[in-house]
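Notes to accompany the following structure.
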Amino acid sequence: MTATAGLIGLALGLVACGNEATGGTPAGNAGATPSMTPSTTPERSVPEPVKTPTMVPTPTTKPAAVQLRTSMLLTGPDVAKADPNRGWITTTGSADPICGPSSIRSNGVRGSLNRNFTTELDASGGQWLTRYDDVRAAKAAYDKIIATIKSCKALDPAPTHARKMTENRTLPLGDATAILRWYDYPLPSDPGSEPGGFPYAVTRKGNVVSVLAFREMGDGVAPANFEKLTRAAAARLG
């Protein structure tokens, strides 16, 4: 083999090797599978529920029960000042309200006080204080007492007398105040008989009810003076 033929053979061998390398799998990629990186969705943050503070109810204190005191009653001088020149004093005797016991007190009494007055002649009267369970009970008693006075069935007039209501009004005293007055008078068939005056004053203050009931021959305590007496009694209730 000549030198020229050897060079040609060598060149052909190099070309063959080059073609095989070109048609094969590139180096470094043989059998390699592309790696997939999974995508992840970020978790949503759930806000914690807002806690509303629980409001503890403030305990309500029941008002203390009113205790009746003798200082809440009118005195002899109080009556004498309101109705002067009549000689009013206190007395241990029991006053007799014309419309009966129900016209001075109702049901559900939880405490009571009273004081009686007299001129030592033909005039007498008294004040009755009554404490009830609560304001609601006192309101019911107040209404019932006034209804009893208005009907006044406890004592009927004499056969020769008649009766009429000459006062029925309210005053802005305490929580409620009413003045009522009965007048008992003789019929023409009995001209010699005396008339009689019977004023009432009913005042409610909270769960306490005050009743004034007076009676006497003639016209009774004058309306203006009885109003002074009513105001004095209401003022003592506080």
Next item on the list: Go through the steps for R115 and T75 under the test side-chain contact (heavy atoms from CB on, under 4.5 Å), then give the verdict.
Entry: CA-CA 8 Å; R115 181 172 285 157; T75 64; 3.8 Å; yes

Checklist line | Any side-chain heavy-atom pair of L74 and F117 under 4.5 Å | finding: yes

Run the side-chain donor-acceptor check on residues 150-158: report pairs under 3.5 Å with partners two or more places apart or on a different chain.
unit_1, atom_1, unit_2, atom_2, d
S151, OG, A147, O, 3.3
S151, OG, T148, O, 3.1

Check: Can you list every pair that meets disulfide (SG to SG under 2.5 Å) and has a residue in residues 187-238, with sequence neighbours left out?
Finding: none

Notebook entry, point to check: Would you call M217 and L121 a side-chain contact if the rule is heavy atoms closer than 4.5 Å?
Noted result: no

Check: Is there side-chain contact between V135 and R204, with at least one heavy-atom pair below 4.5 Å?
Finding: yes

Margin query: Please check: side-chain N/O of D122 versus main-chain N/O of E216, any donor-acceptor pairing under 3.5 Å?
Written below: no

Notebook entry, point to check: About how many Å separate CZ of F198 and CG of D96, when rounded to the nearest 0.5 Å?
Noted result: 9.5 Å

Check: Below 4.5 Å, heavy atoms only, C-beta onward: do V79 and Q127 meet side chain to side chain?
Finding: no

Margin query: Membership question, hydrophobic clusters at under 4.5 Å side-chain separation (ILVMFWY): are M165 and I98 in the same one?
Written below: yes

Checklist line | Residues N207, D133; criterion side-chain contact (heavy atoms from CB on, under 4.5 Å); working and verdict | finding: CA-CA 7 Å; N207 65 321; D133 281 336; over 6 Å; no

Margin query: According to ring-ring contact (aromatic ring centres under 6.0 Å, His included), does anything in residues 87-114 pair up with another residue at least two apart or in another chain? List the pairs.
Written below: W88-F214

Check: In the single-linkage hydrophobic clustering (I, L, V, M, F, W, Y; side-chain heavy atoms under 4.5 Å), do L212 and V208 co-cluster?
Finding: no

Next item on the list: Sequence neighbours left out, what passes ring pair (Phe, Tyr, Trp, His ring centres under 6.0 Å) with W128? Give chain and number order.
Entry: none

Margin query: Going by salt bridge (charged side-chain N to carboxylate O under 4.0 Å, His left out), name the pairs with one or both residues in residues 226-238, residues two or more places apart or in two chains.
Written below: D78-R236, R169-E227, E227-R231

Note to self: Check for me, please, whether F226 and L171 land in the same ILVMFWY cluster - side-chain distances under 4.5 Å, paths through other members count.
What the structure shows: yes

Margin query: Contact between Y132 and S106 at the side-chain level, heavy atoms closer than 4.5 Å - yes or no?
Written below: yes

Could you give the side-chain donor-acceptor pairs of residues 179-187 under 3.5 Å, partners two or more places apart or in another chain?
unit_1, atom_1, unit_2, atom_2, d
R181, NE, E167, OE2, 2.8
R181, NH1, D219, O, 3.3
R181, NH1, V221, O, 2.8
R181, NH2, E167, OE2, 3.4
R181, NH2, V221, O, 2.7
W182, NE1, I149, O, 2.8
D184, OD1, H161, ND1, 2.6

Next item on the list: Following the transitive rule for hydrophobic clusters with a side-chain heavy-atom cut-off under 4.5 Å over Ile, Leu, Val, Met, Phe, Trp and Tyr, establish whether L113 and M72 coincide in one cluster.
Entry: yes

Note to self: Restricting to non-hydrogen atoms, name the atom on I145 and the atom on S103 that form the minimum distance, rounded to 0.1 Å.
What the structure shows: CG2-O, 3.2 Å

Item checked: Sole candidate of N114, L129, V209, V211 that passes side-chain contact (heavy atoms from CB on, under 4.5 Å) when paired with R105 -> N114

Margin query: Do T92 and N116 have side chains that approach each other closer than 4.5 Å (heavy atoms only, starting at C-beta)?
Written below: no

Item checked: For P84 against N225, the heavy-atom pair lying closest together -> CD-ND2, 4.1 Å

Margin query: Using the rule that Ile, Leu, Val, Met, Phe, Trp and Tyr join whenever any side-chain heavy atoms are under 4.5 Å apart, tell me whether Y200 and L229 fall into a single cluster.
Written below: no

Check: Does the side chain of R215 come within less than 4.5 Å of P97's, by heavy atoms?
Finding: no

